[in-house]
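Read through the structure below, which is laid out as structure tokens, and then see the notes.
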Amino acid sequence: MTTFHVTALKPTQPVFTSGLSKPLYGVIAALALATILVSSFYRGFPRARIIRVEQAVCLVVYTPTPLTIRPGQYINVCLPGVSFWSLLQSHPFYVSFAQHHGLGTKLELMIQPRRGWTPKLLMRAQAQDLAEEEALSSESYISLFSGPHGQSVRVEDYGVVVLIASEWGLMAQMPYLQALVQGFHNGTVKAQRVHLVWQLKSISV
């Protein structure tokens, strides 16, 4: 696998304004919340731990039943215990790591705090070791989520694979890297070369 540094460019973002944007957002949010509640009712209510990793957050979700996650897929997460309005919010995060844990699945979501809801996660984060497998305590939260969502690209069918990410977007590419490395050792992938292009504003990220 080869890696190299690319100087960051200033992104441009389109701005959309509409008088219907707020009502439409409310309808979409209500539908998303309903989907999460129905999904959690049938799947069981997972628990989550919020762990601080430097200036980032690792949200570790433990599902009571097995869950199959493919590389590139994400889940919509709702943590009612984080703040008063959290029950009315759901946030999409890519799954950086997934493995079987007991009767269910352990999911790790790496989150970079920005504005709104994510800084509250950092405030509640516990300085705990990610390798700890102790029983969930009162520091865990009820976690509601729907998913997995999104399509997974079958990168194992290609001889040369190029992965491109900027800053924390690398976390969405990690499952692909893990699957390619594991598949290479098992002889189940065609990839002979993997190139990772990671765009950073500073090396400190």
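Residue numbers start at 1 and run along the sequence shown. Source: prediction; values computed, not measured.
Side-chain polar atoms of Ser140 and Arg49 form no donor-acceptor pair below 3.5 angstrom.
Counting heavy atoms from C-beta on, the side chains of Leu163 and Val197 never come closer than 4.5 Å. At least one side-chain heavy atom of Pro148 sits under 4.5 Å from a side-chain heavy atom of Leu67. Within the 4.5 Å cutoff, side-chain heavy atoms of Phe93 are placed close to those of Val77. Looking at Cys78 and Ser143, their side chains never come closer than 4.5 Å, going by heavy atoms from C-beta outward. His195 has its side chain within reach of Val160: a pair of non-hydrogen atoms, C-beta onward, lies under 4.5 Å apart. The side-chain heavy atoms of Pro175 and Phe97, taken from C-beta on, include no pair separated by under 4.5 Å. By the 4.5 Å heavy-atom criterion applied to side chains, Pro113 and Val57 are counted as neighbours. Put simply, the side chain of Tyr176 does not reach to within 4.5 Å of the side chain of Val181, judged on heavy atoms.
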Exercise for review: Would you please test Thr188 and Glu156 for side chain to side chain contact (heavy atoms under 4.5 Å, CB included) and show each step?
Suggested key: CA-CA 8 Å; Thr188 57; Glu156 60 270 22; over 6 Å; no
Practice item. Determine, step by step, whether Ile75 and Leu107 satisfy the side chain to side chain contact (heavy atoms under 4.5 Å, CB included) criterion, reporting the C-alpha distance in whole Å, the side-chain angles of both residues, the deciding distance to 0.1 Å, and the verdict. Key: CA-CA 10 Å; Ile75 60 176; Leu107 309 176; 4.0 Å; yes
Point to revise | side chain to side chain contact (heavy atoms under 4.5 Å, CB included) between Gln55 and Leu122, intermediate numbers included | key: CA-CA 8 Å; Gln55 293 303 312; Leu122 186 61; 4.2 Å; yes
Practice item. Start with the C-alpha gap between Glu167 and Lys201, add the side-chain angles, then the distance that decides, and say whether side chain to side chain contact (heavy atoms under 4.5 Å, CB included) holds. Key: CA-CA 7 Å; Glu167 300 190 50; Lys201 293 182 179 179; 3.2 Å; yes
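The OG atom of Ser96 sits 15.5 Å away from the OH atom of Tyr74 when rounded to the nearest 0.5 Å. With rounding to the nearest 0.5 angstrom, the OG1 atom of Thr118 is 8.5 Å from the CD atom of Gln112. Between the CG atom of Leu121 and the CG atom of Leu79 there is a distance of 6.5 Å, given to the nearest 0.5 Å. Between atom CG of residue Asp157 and atom NZ of residue Lys190 there is a gap of 5.5 Å, rounded to the nearest 0.5 Å. Atom OH of Tyr94 is separated from atom CE of Met171 by 13.5 Å, given to the nearest 0.5 angstrom. Put simply, CZ on Arg47 and OH on Tyr141 are 10.0 Å apart, with the number rounded to the nearest 0.5 Å.
Closest approach of Asn76 and Pro92 over heavy atoms only: OD1-CB, 3.2 Å. Here the closest heavy-atom approach between residue Trp168 and residue Ala56 is recorded as CH2-CB, 3.2 Å. Residues Lys106 and Glu108 share a closest heavy-atom pair of CE-OE2, 3.4 Å.
Criterion: ILVMFWY side-chain heavy atoms under 4.5 Å apart, direct or through other members. Under it, Val194 and Val153 are part of a common hydrophobic cluster. By the rule that hydrophobic residues join a cluster once side-chain heavy atoms approach within less than 4.5 Å of another member, Val161 and Phe184 end up as members of separate clusters.
Between the side chain of Gln182 and the backbone N or O of Ala179 there is no donor-acceptor pair closer than 3.5 Å. The backbone N or O of Thr105 lies less than 3.5 Å from a partner atom in the side chain of Thr63, making a donor-acceptor pair.
With Val60 as the fixed residue, the side chain to side chain contact (heavy atoms under 4.5 Å, CB included) test singles out one of Leu109, Ile50, Ile51: Ile51.
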